[in-house]
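Start at 1 and go down the list; that is how both ligands and their atoms are numbered. Keep in mind that the numbers below use all heavy atoms, side chains included, and drop hydrogens, waters and symmetry copies.
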Amino acid sequence: MRDYRELTAFLEKKQIPYQLSLSLREYTTFRLGGSADVFATPRHADELAALQQYLKTADIPVFLLGGGSNLLIADSGFRGLVVHPAFGEEPEVLHRSSDRLSVRIPASARAPLTGKKISALGFAGLEFLTTIPGQFGGSVIQNAGCYGHELKDTITAVEVVTQGEVRTFANNECDFRYRDSLFKRDGALWVASANLELAAGDGAAISARIEDYKNRRIASQPKNRRSAGSIFKNPTAAVSDKKAWQLIDAAGLRGVHEGDAEISAEHCNFIVNNGKARAVDVYKLMLVIEQRVLETSGVSLEREVVLVGDFTQGG
Ligand SMILES: Cc1cc2nc3c(=O)[nH]c(=O)nc-3n(C[C@H](O)[C@H](O)[C@H](O)COP(=O)(O)OP(=O)(O)OC[C@H]3O[C@@H](n4cnc5c(N)ncnc54)[C@H](O)[C@@H]3O)c2cc1C
């Protein structure tokens with residue numbers, strides 16, 4: 001095992017909370033994966049910046065973990081430092097008038113709860129977020145979206161920690177795309193918070209939209225099963241006019257099992273953990289999907305889920 005004494009001495013000096021050999025399972029919606037050698041929970045952007053500054057000269061693999069709802073962690077875990085923002089939950093109101101709300105949301109705020117809080121204030125635009133799990137920072141880098149809405153539509157600026165310094169990116173500098181952004185492509189950009197601007201809406205209409213989105217989820221997604229949401233992105237129109245689940249379905253893979261992991265019979269772009277699955281089981285199903293969809297439709301599916309740790313031995 002790597003020698004982490006210098007790192008832990010640094011964390012103690014800066015009073016950044018940390019734990020050693022911590023199981024990451026409970027930090028993922030799949031409830032899968034091994035442990036992190038070191039798990040640190042900085043409490044504000046300055047601590048995150050100090051940690052990044054330290055890591056510039058330390059030869060330690062590092063991974064930034066949000067709500068763990070869009071990733072698969074290897075059964076062997078992560079040999080290095082996992083950083084998990086713990087900046088709190090509360091939105092900071094920057095400006096509020098009868099028709100507009102400007103608000104800063106910390107990266108560690110739970111995305112669905114944030115959607116509920118803003119909606120309850122009577123401002124529209126985050127109703128869809130009430131149905132997407134994860135931390136708010138994760139939803140920014142992923143430009144999370146559903147039902148025709150994306151987070152980029154309300155973001156005005158994103159505060160990022162990079163190279164040990166705090167920088168602000170305006171919306172048009174973030175290169176937001178479908179389930180993608182500059183921050184997703186460049187792992188050195190850690191989102192600390194984002195500013196949003198929302199217009200006032202009708203309270204009853206906001207509540208009705210939240211209820212509608214919730215019901216649509218219940219109707220279309222696996223119930224009472226652990227997952228990481230959609231495993232693959234939908235192909236662009238230039239590549240295929242079919243959605244990822246349709247290609248997987250057409251390849252005959254609905255309901256296929258590997259151990260206790262299953263290509264969901266309810267929504268076949270989801271892989272579910274039926275209780276005792278291992279990360280390697282999920283990984284093998286991902287490879288089966290990629291190969292069979294390529295053979296049957298000629299489409300190379302692009303992964304939405306992020307793999308963390310070493311999968312070269314299978315998982
Ligand atoms: C049941 C279910 C339904 C879902 N439905 C949807 C949906 O409709 N639409 C949708 O878009 N997504 C959906 N998802 C996927 C997922 O919830 C979102 O992508 C979510 O925004 C990921 O956030 P997270 O904090 O969980 O990220 P994590 O899974 O923790 O991390 C994912 C990636 O983001 C990076 N990351 C996390 N936080 C930060 C940060 N602060 N700064 C920089 N990088 C960071 C990580 O390093 C990693 O590379 C669904 C997931 C589940 C389980």
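By heavy-atom distance, the residue among Val82, Ile231, Ile141 lying nearest atom 35 (C) of ligand 1 is Ile141. Among Gly138, Gly68, Ala192, the residue whose heavy atom lies nearest to atom 28 (P) of ligand 1 is Gly68. Across the listed options Ser69, Gly134, Ala228, Gly67, Ser69 owns the non-hydrogen atom lying nearest to atom 22 (C) of ligand 1.
With a 6.0 Å radius and a threshold of 12 heavy atoms from other residues, nucleotides or ligands, Lys56 has its NZ atom above the threshold. The environment of CZ in Arg110 is sparse: at most 12 heavy-atom neighbours from other residues, nucleotides or ligands sit within 6.0 Å. Heavy atoms of other residues, nucleotides or ligands lying less than 6.0 angstrom from CD of Glu295 number more than 12.
For Ser227, no nitrogen or oxygen atom sits less than 3.5 Å from a nitrogen or oxygen atom of ligand 1, counting backbone and side chain alike. When only interatomic distances are considered, the shortest N/O to N/O separation between Ala144 and ligand 1 does not fall below 3.5 Å. The shortest N or O to N or O distance between Gln142 and ligand 1 is below 3.5 Å.
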Might you work through the salt bridge (Lys or Arg N to Asp or Glu O under 4.0 Å) test for Asp37 and Arg2, ending with a clear yes or no?
-> CA-CA 9 Å; Asp37 287 346; Arg2 199 180 285 269; 5.7 Å; no

Would you sort out whether Asp75 and Arg278 count as a salt bridge (Lys or Arg N to Asp or Glu O under 4.0 Å), showing the intermediate values?
-> CA-CA 7 Å; Asp75 297 310; Arg278 299 166 304 157; 5.2 Å; no

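Of all atoms in ligand 1, listed by their number and element, those nearer than 4.0 Å to a heavy atom of Val306 are 49 (O). Ligand-side atoms of ligand 1 in range of Leu71: 28 (P), 29 (O), 30 (O), 31 (O), range being under 4.0 angstrom from any heavy atom. Atoms of ligand 1 lying under 4.0 Å from any heavy atom of Thr29, numbered from 1 in the order shown and given with element: 53 (C). Using a 4.0 Å cut-off to heavy atoms of Trp190, the atoms of ligand 1 that qualify are 42 (N), 43 (C). Listed by number with element, the atoms of ligand 1 under 4.0 Å from a non-hydrogen atom of Arg179 are 10 (C), 11 (O).
Of all protein heavy atoms, the one closest to atom 29 (O) of ligand 1 is Asn70 N, 2.8 Å. From the protein, the heavy atom lying nearest to atom 9 (N) of ligand 1 is Gly145 O, 2.7 Å. Among all non-hydrogen protein atoms, the one lying nearest atom 21 (O) of ligand 1 is Ser139 CA, 3.1 Å. Annotation: atom 2 (C) of ligand 1 to nearest protein heavy atom, Gly229 CA, 3.7 Å. In this structure, the protein non-hydrogen atom closest to atom 48 (C) of ligand 1 is Phe63 CZ, 3.8 Å. Scanning the protein for heavy atoms near atom 12 (N) of ligand 1, the closest one is Ile132 CG2, 3.8 Å. With hydrogens left out, the protein atom closest to atom 42 (N) of ligand 1 is Val191 N, 2.9 Å, a heavy atom. Nearest protein heavy-atom contact of atom 5 (N) of ligand 1 is Arg217 NH1, 3.0 Å.
Put simply, the residue from Ile210, Thr154, Leu151 that forms a side-chain contact (heavy atoms from CB on, under 4.5 Å) with Leu129 is Leu151. Tested against Phe39, the residues Tyr27, Tyr18, Phe78 include a single ring pair (Phe, Tyr, Trp, His ring centres under 6.0 Å) partner, Tyr27. No option in Leu71, Ile73, Val282 other than Val282 meets the side-chain contact (heavy atoms from CB on, under 4.5 Å) test with Leu32.
Close to ligand 1: Leu189, with a non-hydrogen atom less than 4.0 angstrom away. Using 4.0 Å as the threshold, Phe183 has no heavy atom nearer than that to any atom of ligand 1. The shell of residues lying under 4.0 angstrom from ligand 1, judged by heavy atoms, excludes Ala111.
With a heavy-atom cut-off of 4.0 Å, Cys146 touches ligand 1 through its side chain alone. Contacts between Leu64 and ligand 1, counted as non-hydrogen atom pairs separated by less than 4.0 Å, involve both the backbone and the side chain.
Put simply, CG on Leu101 and CG on Leu198 are 6.0 Å apart, with the number rounded to the nearest 0.5 Å.
Between Glu290 and Arg303 there is a salt bridge, since a side-chain N of the basic residue sits under 4.0 Å from a carboxylate O of the acidic one.
A distance of 6.0 Å or more separates the ring centres of Tyr147 and Phe128.
Under a 3.5 Å cut-off, the side chain of Glu47 and the backbone N or O of Arg43 do form a donor-acceptor pair. Side-chain atoms of Arg31 come within 3.5 Å of backbone atoms of Thr28 as a donor-acceptor pair (strictly under, hydrogens ignored).
Between Phe10 and Tyr54, the ring planes are parallel. Angles under 30° get that label, and only those over 60° would be called perpendicular.
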